[in-house]
Amino acid sequence: AGAKEESFNMLDLTEYTKSRPWWRKIFAPNSGSSAEKYNVATQLVIGGVTGWCTGFIFQKVGKLAATAVGGGFFLLQIANHTGYIKVDWKLVERDMNKAKQQLKLHSSGNKACPEVKSRVDEVIIFLKKNVILTGGFAGGFLLGMAS
């Protein structure tokens, strides 16, 4: 006789996950360790392969960046020496001194902003929970840098 109409709220998880960045899913404080999901060999292989790929790419990009910066500096020196450009070295020295003073001011406080500190804490928690994966990554990264 007195039937009550019930209303339900529907939670659309696809919309919820679209609004959350992927790194939140990985580095979230409540994310479980990989030890709960994978065995030791799998963790070492995953860490090693991703570390090697990262190290290899880091090495290649590093060489390219060093070549670009060095080549650019070399070309600027040639242009300065031949007279195509003139460098105001007093202005460069003044700007460098300003930058040094600002660095001294920021480093004297020696306190990171709370957002950076919380991110670092999240990464440390993740690394502690996934020691084997982290070790595999570190080893793979060093092998990737060497190859």
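Residue numbers start at 1 and run along the sequence shown.
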Inter-residue atom distance I78.CD1 - H81.NE2, 0.5 Å rounding: 9.5 Å

Value rounded to 0.5 Å, distance of NZ in K90 from CD in E93: 9.0 Å

Where W52 and S147 come nearest, the two heavy atoms and their spacing: NE1-OG, 3.3 Å

Side chain to side chain contact (heavy atoms under 4.5 Å, CB included) assessment of D121 paired with K117: CA-CA 6 Å; D121 290 342; K117 186 168 176 13; 3.8 Å; yes

Heavy-atom pair with the smallest gap, counting every atom of Q59 and M145: NE2-O, 3.3 Å

For the student: nearest non-hydrogen atoms of I132 and Q43, plus distance: CB-OE1, 3.6 Å

In residues 133-142, what donor-acceptor pairs under 3.5 Å come from side-chain atoms, sequence neighbours left out?
| from | atom 1 | to | atom 2 | distance (Å) |
| --- | --- | --- | --- | --- |
| T134 | OG1 | N130 | O | 2.7 |

ILVMFWY network linking F56 to L143, side-chain heavy atoms under 4.5 angstrom: yes

Value rounded to 0.5 Å, distance of CD1 in I124 from NZ in K129: 13.5 Å

L103 reachable from M96 in the ILVMFWY side-chain graph, under 4.5 Å edges: no

Minimum heavy-atom distance N80-I85, with the two atoms named: OD1-O, 3.3 Å

